[in-house]
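The next block holds one structure in the form of structure tokens; read it before the comments.
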Amino acid sequence: MIQVIPPRSGTAFELKRGESLKVIDPQGEQVADLVAFNRHDTGEAISSGRSIDYASKIYLSTGDTIYSNRSQALLRIVEDTVGRHDFLLSPCSAEMFRIIYGDTEPHRGCLGNLAAALAPYGIAADAIPTAFNVFMNVPVDAATGVIRVEPPLSRAGDYIVFEAQMDLLIGLTACSAGQSNNFAYKPIHYELIHHGLIHSEAIAHG
Ligand SMILES: [Zn+2]
């Protein structure tokens, strides 16, 4: 069943080992920040630094693994119709909107939305790491290291599928930052794929 994250909001849910999470951009050019924690020990969390190190590249896509701060595999990307996601930048936040956009009454951003969604699981805002920024398009100039935040390459209906490598707690947003989403705030859709159900359906259909 497809779930909807309304514009500029976020949610949290459990994803069991072997289940898959499909993140869909229903309208195009919309980023979704994804964080993941070990469901049984939330001190273990998604690690941008380790994942980039072990993949030896900054743009992860199909076949690549997302690692934890303890170097355990959390998620594997099994499908990706876009091929461009960011894993360098932190979730947008009220402070970021003050510093970069000069907002005087800033939105709480993905960080605030993730903190609110993860609070019932005992995770504080300071424990939220750099997210895997699904569909975020941050080209890097190879010579100077200068980065730009460009509109996502995702079109309506594009998606990415992650397979859980351990029992996880996931935080997921429809990003609140103007630059990241070509200055239009849209929803994000997601779907949990339970392999056991798909398997039994396949059997029922012969
Ligand atoms: Zn954001």
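Atoms within a ligand are numbered from 1 in the order they appear, just like the ligands themselves. All values reported here derive from a predicted model rather than from experimental measurement. Atoms considered below: every heavy atom in the structure, side chains included; atoms not considered: hydrogens, waters and symmetry mates.
Here the two rings, on F13 and Y190, have centers that are under 6.0 Å apart.
Between D64 and K57 there is a salt bridge, since a side-chain N of the basic residue sits under 4.0 Å from a carboxylate O of the acidic one. The pair R84-D158 does not meet the salt-bridge criterion, since no charged nitrogen lies less than 4.0 angstrom from a carboxylate oxygen.
Of all protein atoms, those of element N, O or S that lie under 2.8 Å from the Zn ion (ligand 1) number 3.
The closest side-chain donor-acceptor pair between D25 and S154 falls under 3.5 angstrom. For the residue pair S68 / E44, a side-chain donor-acceptor distance below 3.5 Å is found, with atom types taken as modelled.
Clustering of Ile, Leu, Val, Met, Phe, Trp and Tyr side chains at separations under 4.5 Å places Y54 together with Y67.
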